[in-house]
Amino acid sequence: MLVRYEVALWNAVDQALRRDGRLTLGQLHALRVIDRYAGQARVQDLSSDIGISVGAASKLVDRLERDGLAVRRPNPANRRSSLIAFTPRGHQALTAALERALAAVDRAVAGEDVQPLVAALGRLQARLDDRSVGTAA
């Protein structure tokens with residue numbers, strides 16, 4: 001039931017983002033990663049953080065560049081990779097998309113006290129993380 005709800009919630013957020021024709025949920029995820037790395041994100045960072053292949057992450061960056069939301073720059077520490085940064089339009093798109101996404105989530109959970117659920121899920125995720133760390137040898 002939890003997975004079904006998560007899928008339905010993310011579909012609702014994606015629909016809210018697409019309604020104005022600007023961003024998809026995948027693009028929003030990518031822009032959030034670029035923001036987290038403060039303009040120093042690599043394709044590998046997007047791949048790891050989003051949970052997609054390096055090829056898919058590279059194509060996602062290609063679309064962000066095509067849409068004028070991000071730009072690749074040479075990586076001074078590694079000539080074989082590039083760093084991904086926002087364009088001014090990309091930063092504005094992130095800000096607007098986050099507002100729309102949060103509003104969609106607020107509508108979906110309106111009137112529900114989700115804090116206990118969020119806390120429980122955080123604890124459960126930490127357990128899984130601890131187990132996977134302990135068994136990776």
Side-chain angles (χ1 to χ4, degrees):
M1 184 185 312
L2 183 60
V3 172
R4 187 177 312 154
Y5 181 78
E6 179 185 22
V7 170
L9 177 62
W10 289 124
N11 285 340
V13 172
D14 190 54
Q15 288 173 359
L17 291 172
R18 289 175 187 258
R19 216 170 278 135
D20 66 8
R22 292 189 187 154
L23 290 182
T24 65
L25 188 57
Q27 290 170 314
L28 174 58
H29 279 301
L31 291 175
R32 290 184 69 209
V33 172
I34 294 167
D35 189 46
R36 200 168 31 254
Y37 284 87
Q40 303 293 311
R42 300 168 300 136
V43 168
Q44 178 64 44
D45 298 324
L46 270 75
S47 171
S48 297
D49 287 19
I50 298 173
I52 59 176
S53 71
V54 171
S58 183
K59 287 179 183 177
L60 182 53
V61 173
D62 289 344
R63 287 191 299 274
L64 292 174
E65 284 188 299
R66 178 200 67 208
D67 295 342
L69 303 172
V71 61
R72 286 182 170 122
R73 299 184 325 246
N75 184 346
N78 181 348
R79 292 185 311 178
R80 294 175 296 174
S81 72
S82 56
L83 300 175
I84 306 153
F86 286 118
T87 61
R89 183 173 170 211
H91 194 267
Q92 292 169 347
L94 172 64
T95 301
L98 282 174
E99 288 176 13
R100 286 189 305 279
L102 289 173
V105 170
D106 285 346
R107 283 190 301 277
V109 299
E112 295 292 332
D113 180 10
V114 296
Q115 288 308 317
L117 176 60
V118 170
L121 289 172
R123 290 189 303 273
L124 291 170
Q125 182 66 53
R127 275 190 215 162
L128 287 176
D129 293 346
D130 289 346
R131 287 188 183 143
S132 65
V133 170
T135 59

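Only heavy atoms go into these numbers, but all of them, side chains included; no hydrogens, no water, no symmetry mates.
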Looking at every heavy atom in both Pro76 and Pro74, which two are closest together, and how far apart are they? CD-O, 3.3 Å

Does Val105 belong to the same Ile/Leu/Val/Met/Phe/Trp/Tyr cluster as Val114, with side-chain heavy atoms less than 4.5 Å apart forming each link? yes

Residues at least two apart in sequence or cross-chain that pass side chain to side chain contact (heavy atoms under 4.5 Å, CB included) with Ala57, listed by chain then number, are Val43, Leu46, Ser47, Ile52

So which heavy atom on Ser53 is nearest to which on Ala56, and how close? OG-N, 3.0 Å

For Ala108, what residues pass the side chain to side chain contact (heavy atoms under 4.5 Å, CB included) criterion, not counting sequence neighbours? Tyr5, Leu9

Salt bridge (Lys or Arg N to Asp or Glu O under 4.0 Å) partners of residues 44-55, not counting sequence neighbours, each pair once: Arg36-Asp49, Arg42-Asp45

Kindly compute the distance separating CG (Leu25) from CZ (Arg32), expressed to the nearest 0.5 Å. 9.5 Å

side-chain hydrogen bond (donor to acceptor under 3.5 Å, both in side chains) partners for Asp35, two or more places apart: none

By salt bridge (charged side-chain N to carboxylate O under 4.0 Å, His left out) - contacts of Arg73 (at least two apart): none

Considering only heavy atoms from C-beta outward, does the side chain of Ile84 approach that of Val71 to under 4.5 Å? no

Quick one: list whatever passes side chain to side chain contact (heavy atoms under 4.5 Å, CB included) with Val3, sequence neighbours left out. Val7

What's the verdict on side chain to side chain contact (heavy atoms under 4.5 Å, CB included) for Leu64 and Ile34, showing C-alpha distance, side-chain angles and the deciding distance? CA-CA 11 Å; Leu64 292 174; Ile34 294 167; 4.0 Å; yes

Interatomic distance, CD@Gln40 vs CG@Asn75, rounded to 0.5 Å, equals 7.5 Å

Please report the interatomic distance CZ(Arg66) to NZ(Lys59), rounded to the nearest 0.5 Å. 13.0 Å

Salt bridge (charged side-chain N to carboxylate O under 4.0 Å, His left out) partners for Arg72, two or more places apart: Asp62, Glu65

Under 3.5 Å, is there a donor-acceptor pair linking the side chains of Asp129 and Gln125? yes

Heavy atoms, side chains only, cut-off 4.5 Å: are Leu17 and Thr24 in contact? no

Inter- and intrachain pairs under side-chain hydrogen bond (donor to acceptor under 3.5 Å, both in side chains), touching residues 86-99, at least two apart: none

Only counting residues at least two apart or in another chain, list the ones meeting side-chain hydrogen bond (donor to acceptor under 3.5 Å, both in side chains) with Gln44. Ser48

What residues, two or more places apart in sequence or in another chain, satisfy side-chain hydrogen bond (donor to acceptor under 3.5 Å, both in side chains) together with Arg63? none

So CG of Leu60 and NE2 of His29: to nearest 0.5 Å the spacing works out to 10.5 Å

Closest non-hydrogen atoms of Gly39 and Leu83, given as atom of the first, atom of the second and distance, are O-CB, 4.2 Å

Report all side-chain donor-acceptor pairs from residues 115-122 shorter than 3.5 Å, counting only partners two or more places apart or in another chain.
none

Considering only residues two or more places apart or on different chains, which pairs with a residue in residues 100-118 satisfy salt bridge (Lys or Arg N to Asp or Glu O under 4.0 Å)? Asp20-Arg100

